[in-house]
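Below you will find the structure I want to go over with you.
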Amino acid sequence: MPRMNRPNRAPHWLSRLALLLTLLITPWSAGAQAGSCSAVACVAAGPRLLSVDSQRSVILNGLFQGLLGGGSLTLSAADWNAIANADVNLGLFLDALTAEAGVGTTAEALNADVTLLQVLDVAAQAAQTSGNTAAVNALNLLRPALSAPNGTIRLGDLLKLEGSSAAFLTSQVNLLNLLTGSVQLFNYRNAVTTPTPVTLNALNVSLSTLGLGVNTVTPTVRVYLQVIEPPVYRCGPQGTQFNTAAIRAKLNVDLGGTQLNVLGLTGGKIRLTTLDLYLEVAKASGTIGTVDAISRALSLDAQPGVAQLGLGQISDSVFFNRSNANPFAALTPAIIGTVDLTVRVSTLLEVPIVLNVRARAFADGTYPLATVTAAPPYPQTYTVGSSSAAVGTLVGTLLTSLGTPGNLTLELRDPAPLIPTALLTGTISSVLSPVLSTLGLVLQPVLEAVLMATVDQVLRLLGIGIGEAVFTVGGVGNVCAVTGVVYHDRQPDGTRDSESWDGPTTFVNAVTGGRVQASAQVPAGAGTFTLALGEGTYTLPVARTAAAISAGNPSGFVFVSPLNGTRTVTVTAASTSVPEQEFGLFQGDRLSGVVFRDDGRGPGGAAHDVTRQGDETPLNARTLTVSGTRAGAAVTRTAETAADGSYTLYVPGDWTGVTFRSGATATEVVTGVRLNGVAALTGDVSDPALREYALPAPSGADQTLNAGLTGRVGLTPDRSGRGEAPLTVRYAHTFTPGTTGTVSFATTGGFGGQVFLDSDCNGTVSDAERTAVSSVTVDGSWPRLPDGRLRSCALEVEVTVPAGTAVGTTRATFATASLVWAGRPDVQDLASVTDTTTVTPGAELVKTVENLTRADGVVATAVDALPNERLRYCLNVRNTTPDLLTGVTVSDTLQGVAAYVPGSLTLEGAALTDAADTDAGEIVTRTVTVRLPDLAVGATRRVCFEVLVP
């Protein structure tokens with residue numbers, strides 16, 4: 001079973017990812033279905049270092065110096081802890097990196113060449129923004145060491161995400177991991193081939209049970225490190241691979257001349273001096289297995305890297321040459337100590353000799369693949385394999401290799417006096433076996449201790465081990481391939497037919513938290529794009545640059561669908577797909593605005609200024625038109641205003657000479673046009689420049705054009721009349737004010753006249769309203785129709801023909817209504833009517849009388865009468881003119897002493913009252929008056945009354 005180490009803190013994985021994320025926009029897996037979603041996980045090599053003690057701080061100082069090729073570091077444990085315990089927001093870090101690198105996007109920043117000092121400055125800026133002053137102070141102590149090395153790195157080589165960093169938006173970067181990874185990447189990229197050693201903390205190795213005459217050895221170990229492959233931290237779906245760094249380490253083990261008994265060799269002593277060990281630990285690698293975004297669980301296949309260990313000597317120029325894939329092929333024997341012994345030459349002679357111990361050995365360790373099942377809370381660290389177990393096996397294999405003939409040799413260091421060297425060959429051969437046995441006993445614990453100290457003190461700081469793989473799962477989430485298309489909507493109707501994109505290169509960005517999390521370039525062609533987005537809600541603006549957080553229409557185009565050029569998508573843990581996102585754009589201008597009645601209606605309204613205020617009425621169902629020329633032919637587009645007076649018209653980019661018509665009728669005036677806030681007001685009610693308003697050449701802009709309309713003053717219809725002089729004729733007209741302002745009335749020519757206005761606009765001029773008017777103010781109190789127009793009113797023009805006017809005289813009376821616009825005294829509107837009056841002979845009137853007392857039936861123009869006899873007088877009226885006669889009144893005044901018989905007045909035999917009331921006749925002071933109905937040509941009417949002869 002794998003060993004699992006839980007961290008002390010288990011915050012949300014998105015807030016504790018360290019060195020996992022990138023904004024490199026790499027393609028999603030080649031087989032991804034458009035719009036499909038995949039669960040993803042983030043895995044980092046090595047555990048998170050939670051604390052730094054004083055011994056480890058010394059190692060960290062030396063480790064940085066070694067990987068950087070020199071320099072001096074003296075950070076304390078407190079300083080390193082301040083860095084190790086500091087997490088900064090990845091977004092802050094990348095924003096600062098983008099500014100530091102002088103580029104426009106985070107993807108460009110991660111691909112930019114930057115120095116370690118720049119990385120340090122960016123980290124310090126992010127820490128300062130996060131309010132972590134202690135981390136900033138500690139980082140500043142690293143400045144001398146990180147400013148000395150020459151060379152650059154690309155952080156995108158360290159931080160990779162399969163898809164898009166938009167999957168992990170609120171991540172935190174651990175500063176120690178960031179710096180350690182950056183230094184490893186610097187070591188790899190800048191080929192530091194003469195490492196500066198790191199001296200390990202003191203070791204004490206017990207030999208007390210071996211009977212070698214020494215209980216403890218305290219080797220001094222110096223480690224020379226080189227990164228031959230940098231670590232890669234990844235976030236991605238099932239199948240994503242990740243790995244640690246690969247390290248070459250030369251271990252110089254100084255045993256200080258420790259002298260031990262050679263077992264089985266009386267008097268023999270072995271003195272161990274210096275061992276050079278060569279260690280290469282290949283990258284530990286792994287693969288993300290099944291991932292469940294909903295349960296946040298995953299499986300992880302991980303395998304420790306191959307470890308190779310050599311004892312002997314390899315030239316630094318060979319071992320630290322990264323292009324040499326197998327430096328162990330150059331491993332040669334090296335002197336690791338000496339053997340002191342006494343050789344008896346004869347019974348009387350013993351001679352001391354010193355033998356050099358020359359050794360070469362090689363061990364190769366491979367380790368099995370293991371599967372780990374991970375579950376929240378995250379982050380959590382998982383370990384596959386064990387360095388403790390692997391080191392013992394590796395050392396055992398090395399010592400077995402040491403026993404291979406030829407790998408361990410003894411040679412006479414100095415010539416022996418008085419003894420031929422040939423006589424010592426047998427003796428030396430006999431010593432080899434006990435020396436090998438003794439070395440096996442002592443080197444097993446010593447090398448195990450040295451290697452474990454190297455793992456614990458150095459390698460684990462770099463995220464690797466011998467025979468073990470340690471990985472931290474940062475978390476699990478869901479990432480969707482959000483696909484879509486940008487197309488040229490030529491109609492435009494907001495629906496994509498077979499339309500593609502023929503505009504300039506544009507971008508679709510994924511924005512959240514005020515930052516671009518991912519960007520897709522859309523060149524001319526199919527117009528398709530794909531964005532890999534993690535859980536969250538994003539706005540997707542079509543933009544001109546990959547760094548824009550809001551929509552920007554491509555040059556020459558305007559947005560159609562959606563109108564703001566931005567869509568919104570949401571990815572949840574349960575999302576399996578995201579609908580395709582479509583963006584339709586039109587090449588040309590979009591003209592939009594409102595058409596309204598500009599007459600100042602309602603409180604706060606101001607008339608005739610092309611600014612809709614108060615309750616000014618929007619005009620709906622008005623047909624608006626843009627016209628122009630394309631390729632020499634006349635072209636038009638129309639749109640109808642909505643209930644709120646709004647409209648939208650699209651003007652193609654290849655039109656010239658474009659004009660706008662606001663839908664004004666013949667009885668309306670265009671008060672003005674306001675284009676993009678700039679008003680053009682009419683100075684003349686018949687101004688043709690506003691009825692055909694010239695627009696700028698279309699350039700791919702959103703143009704706002706509001707148009708104000710108002711009614712024209714109206715006075716209709718022309719009238720004519722005939723009659724016998726003297727004559728008074730009242731001509732009935734309809735007066736329409738059109739808009740607000742001051743109206744002046746006047747009559748000229750003809751027989752003169754007066755104007756009477758139906759002041760309550762009920763359609764009739766009553767007797768009470770027959771007071772001549774010369775002007776009237778049309779304001780907010782004027783009655784209106786339901787559609788908001790000012791109501792029309794009745795108006796009479798009274799013409800009086802004097803007596804004696806010759807028959808056949810014809811004269812025209814001109815009545816005018818002159819309107820001065822409210823708020824615009826420079827604009828005047830005028831309406832007029834012509835009333836033509838002709839003097840005709842009039843009707844034929846014949847007066848007859850009949851003596852009713854005698855009842856002889858004689859009706860004549862005169863009859864005889866005696867006192868007390870009753871007479872009936874009749875006024876016979878006949879229309880002998882060629883026209884209909886209207887308003888004919890007949891009257892007769894009684895002469896002499898005859899007395900009117902009350903109640904005898906009739907019209908066509910129908911009785912009329914004597915009083916001046918509502919019927920057609922009356923008698924006032926011996927004068928009979930009757931108003932006749934209209935007389936058609938040839939028609940007659942009879943008015944009769946009776947008198948009594950006294």
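What you see below is based on every heavy atom in this structure, not just the backbone, and it leaves out hydrogens, waters and symmetry mates.
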task = Using atom types as modelled and distance alone, determine if a side-chain donor or acceptor of Arg630 lies under 3.5 Å from a backbone N or O of Ala634.
result =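 No, Arg630 side chain to Ala634 backbone: no donor-acceptor pair under 3.5 Å.
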Quick one: side chains of residues 549-561, donor-acceptor pairs under 3.5 Å with protein atoms, not counting sequence neighbours, listed by atom name and distance.
residue : atom : partner : partner atom : Å
Asn553  : ND2  : Phe557  : O            : 2.6
Asn553  : ND2  : Gly700  : O            : 3.0
Ser561  : OG   : Arg567  : NH2          : 3.2

ask   = Who pairs with Thr710 by side chain to side chain donor-acceptor pair (under 3.5 Å), at least two apart in sequence or on another chain?
value =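 Thr710 satisfies side chain to side chain donor-acceptor pair (under 3.5 Å) with Thr739 only.
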message = Has Ser592 got a side-chain atom pairing as donor or acceptor with Thr704's backbone, closer than 3.5 angstrom?
response =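 No; zero donor-acceptor contacts below 3.5 Å.
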query = Is the backbone of Pro541 close enough, under 3.5 Å, to the side chain of Asn509 for a donor and an acceptor to pair up by distance?
reply =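 Side chain of Asn509 to backbone of Pro541, a donor-acceptor pair under 3.5 Å: no, none is there.
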request  = Decide side chain to side chain contact (heavy atoms under 4.5 Å, CB included) for Thr625 and Phe660; before the verdict, give the C-alpha distance in whole Å, the side-chain angles of both, and the deciding distance to 0.1 Å.
outcome  = CA-CA 6 Å; Thr625 306; Phe660 169 79; over 6 Å; no
inquiry  = In the structure I gave you, are the side-chain heavy atoms of Phe93 and Leu155 within less than 4.5 Å of one another anywhere?
reply    =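 With C-beta onward as the side chain, the pair touches.
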inquiry  = Between Val482 and Gln581, is the side chain to side chain contact (heavy atoms under 4.5 Å, CB included) condition met? List the steps.
reply    = CA-CA 8 Å; Val482 178; Gln581 307 296 307; 3.9 Å; yes
key: Worked check of side chain to side chain contact (heavy atoms under 4.5 Å, CB included) between Asn111 and Glu108   = CA-CA 5 Å; Asn111 282 318; Glu108 293 172 327; 5.9 Å; no
query = Measuring from Leu533:CG to Leu540:CG, what's the distance to the nearest 0.5 Å?
reply =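 One gets 6.5 Å once the value is rounded to the nearest 0.5 Å.
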request  = Find out whether Val595 and Leu709 are in side-chain contact, i.e. whether some heavy atom of one side chain is under 4.5 Å from a heavy atom of the other.
outcome  =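 Contact flag for Val595/Leu709 side chains = yes.
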query = Which residues satisfy the side chain to side chain contact (heavy atoms under 4.5 Å, CB included) test with Thr667, sequence neighbours excluded?
reply =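 By the side chain to side chain contact (heavy atoms under 4.5 Å, CB included) rule, Thr667 matches Thr665.
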ask   = For the side chain of Thr98 and the backbone of Leu94, is there at least one donor-acceptor N/O pair under 3.5 Å apart?
value =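 A pair under 3.5 Å: yes.
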ask   = Can you name the ring-ring contact (aromatic ring centres under 6.0 Å, His included) partners of Phe586, sequence neighbours left out?
value =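 Scan of Phe586 (ring-ring contact (aromatic ring centres under 6.0 Å, His included), adjacent residues dropped) gives Tyr650.
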inquiry  = Run the ring-ring contact (aromatic ring centres under 6.0 Å, His included) test against His733 and tell me which residues pass, sequence neighbours left out.
reply    =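 For His733 there are no ring-ring contact (aromatic ring centres under 6.0 Å, His included) partners, ignoring immediate neighbours.
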inquiry  = Using side-chain heavy atoms (C-beta onward) and a distance below 4.5 Å, is Asp615 in contact with Pro603?
reply    =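 Yes, at least one pair of side-chain atoms sits under 4.5 Å.
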message = When you compare the side chain of Val635 with that of Thr629, does any pair of heavy atoms fall below 4.5 Å?
response =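 Thr629 vs Val635: side chains apart.
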query = So, Thr129 side chain and Gln125 main chain: donor-acceptor pair closer than 3.5 Å or not?
reply =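 Looks like yes, one N/O pair under 3.5 Å.
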request  = Could you tell me which residues satisfy side chain to side chain contact (heavy atoms under 4.5 Å, CB included) with Gln238, sequence neighbours excluded, listed by chain and number?
outcome  =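 Thr290.
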Partners passing ring-ring contact (aromatic ring centres under 6.0 Å, His included) against Phe507 (at least two apart in sequence or in another chain) =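 If we apply the ring-ring contact (aromatic ring centres under 6.0 Å, His included) test to Phe507, skipping adjacent residues, there are no hits.
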key: Flag for Gln517-Thr512: side-chain donor and acceptor within less than 3.5 Å   =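 No - no donor-acceptor pair under 3.5 Å links their side chains.
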message = Checking Phe529 now: which residues fulfil ring-ring contact (aromatic ring centres under 6.0 Å, His included) with it, not counting sequence neighbours?
response =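 Partners of Phe529 by the ring-ring contact (aromatic ring centres under 6.0 Å, His included) criterion come out as none, since no residue qualifies.
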key: Partner set under side chain to side chain contact (heavy atoms under 4.5 Å, CB included) for Ala689, not counting sequence neighbours   =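 Ala689: side chain to side chain contact (heavy atoms under 4.5 Å, CB included) contacts with Asp687.
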query = Which residues pass the side chain to side chain contact (heavy atoms under 4.5 Å, CB included) test with Asn620, sequence neighbours left out?
reply =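 If we apply the side chain to side chain contact (heavy atoms under 4.5 Å, CB included) test to Asn620, skipping adjacent residues, the hits are Thr641.
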Verdict with reasoning, Glu582 to Arg496, per salt bridge (charged side-chain N to carboxylate O under 4.0 Å, His left out) = CA-CA 8 Å; Glu582 293 186 352; Arg496 180 167 67 97; 3.3 Å; yes
ask   = What distance separates Thr716 OG1 from Phe735 CZ, expressed to the nearest 0.5 Å?
value =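 Between Thr716 OG1 and Phe735 CZ, I get 11.0 Å after rounding to 0.5 Å.
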Residue among Pro698, Pro696, Ser627 satisfying side-chain contact (heavy atoms from CB on, under 4.5 Å) with Val651 =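 Of Pro698, Pro696, Ser627, side-chain contact (heavy atoms from CB on, under 4.5 Å) with Val651 is met by Pro698 alone.
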Expected output: side-chain Arg597 to main-chain Asp787 donor-acceptor under 3.5 Å =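 Checking the backbone N and O of Asp787 against the side chain of Arg597, a donor-acceptor pair under 3.5 Å is found.
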query = Among all residues two or more places apart in sequence or in another chain, which pass the salt bridge (Lys or Arg N to Asp or Glu O under 4.0 Å) test with Asp502?
reply =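 Salt bridge (Lys or Arg N to Asp or Glu O under 4.0 Å) check on Asp502 returns Arg490.
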task = Report yes if the distance between the aromatic ring centroids of Trp501 and His488 is under 6.0 Å, otherwise no.
result =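 Ring-ring flag for Trp501/His488: false, centres at least 6.0 Å apart.
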ask   = Would you find a donor on one side and an acceptor on the other, under 3.5 Å apart, between the side chain of Asp489 and the backbone of Asp493?
value =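 Yes, Asp489 side chain to Asp493 backbone: donor-acceptor pair under 3.5 Å.
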inquiry  = Has Asp598 got a side-chain atom pairing as donor or acceptor with Asp609's backbone, closer than 3.5 angstrom?
reply    =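 Yes: the side chain of Asp598 pairs with the backbone of Asp609.
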inquiry  = Contact between Leu110 and Leu97 at the side-chain level, heavy atoms closer than 4.5 Å - yes or no?
reply    =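 Touching, per the 4.5 Å side-chain cut-off.
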inquiry  = My understanding is that only one of Arg789, Arg622, Arg691 makes a salt bridge (charged side-chain N to carboxylate O under 4.0 Å, His left out) with Glu668; could you say which?
reply    =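 Result: among Arg789, Arg622, Arg691, Arg622 is the only option passing the salt bridge (charged side-chain N to carboxylate O under 4.0 Å, His left out) with Glu668.
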message = To the closest 0.5 Å, what do you measure between OG (Ser662) and CG (Leu690)?
response =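 The CG atom of Leu690 is 8.0 Å from OG of Ser662, to the nearest 0.5 Å.
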ask   = Roughly how far, to the nearest 0.5 Å, is CG of Leu819 from OG1 of Thr742?
value =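 Thr742 OG1 to Leu819 CG: 7.5 Å, rounded to 0.5 Å.
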request  = Could you give me the CA-CA distance, side-chain angles and deciding distance for Ser818 and Ser744, then say whether side chain to side chain donor-acceptor pair (under 3.5 Å) is met?
outcome  = CA-CA 5 Å; Ser818 177; Ser744 298; 5.7 Å; no
query = Checking side chain to side chain contact (heavy atoms under 4.5 Å, CB included) for the pair Trp655/Val626: CA distance, chi angles, key distance, verdict?
reply = CA-CA 10 Å; Trp655 282 20; Val626 287; 4.0 Å; yes
Validation row: Ile153, Val114 side chains within 4.5 angstrom (heavy atoms) =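 SC-SC contact between Ile153 and Val114 confirmed.
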task = Starting from the C-alpha separation in whole Å, work towards a yes-or-no answer on side chain to side chain donor-acceptor pair (under 3.5 Å) for Ser792 and Thr736.
result = CA-CA 4 Å; Ser792 298; Thr736 304; 2.6 Å; yes
request  = Report yes or no: do Asp589 and Gln703 form a side-chain donor-acceptor pair below 3.5 Å?
outcome  =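 Short answer, yes.
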task = Mind checking side chain to side chain donor-acceptor pair (under 3.5 Å) for Asn706 and listing every partner two or more places apart, or none if nothing turns up?
result =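 Not a single residue meets the side chain to side chain donor-acceptor pair (under 3.5 Å) criterion with Asn706.
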key: Note, Val670 side chain near Thr682 side chain (heavy atom, < 4.5 Å)   =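 They are not in contact (no side-chain heavy atoms under 4.5 Å apart), so the answer is no.
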query = Heavy atoms, side chains only, cut-off 4.5 Å: are Arg784 and Thr617 in contact?
reply =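 No. Closest side-chain heavy atoms not under 4.5 Å.
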ask   = Rounded to the nearest 0.5 Å, how far does CG of Leu185 lie from OG1 of Thr152?
value =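 Answer for the OG1-CG pair, Thr152 versus Leu185, is 9.5 Å.
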For Ser519 against Leu531, the heavy-atom pair lying closest together =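 Heavy atoms only, the tightest pair is C-CD2, 3.6 Å.
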request  = Could you grab the distance from atom CZ of Arg824 to atom CG of Leu681, nearest 0.5 Å is fine?
outcome  =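 Arg824 CZ to Leu681 CG: 5.0 Å, rounded to 0.5 Å.
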query = For residues Ser686 and Asp684, is any side-chain donor paired with an opposing acceptor at under 3.5 Å?
reply =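 Looking only at side-chain atoms, Asp684 and Ser686 do form a donor-acceptor pair, the distance falling under 3.5 Å.
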key: Main-chain N/O of Asp599 paired to Thr740 side chain as donor or acceptor, under 3.5 Å   =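 Judged by distance alone, yes, a pair lies under 3.5 Å.
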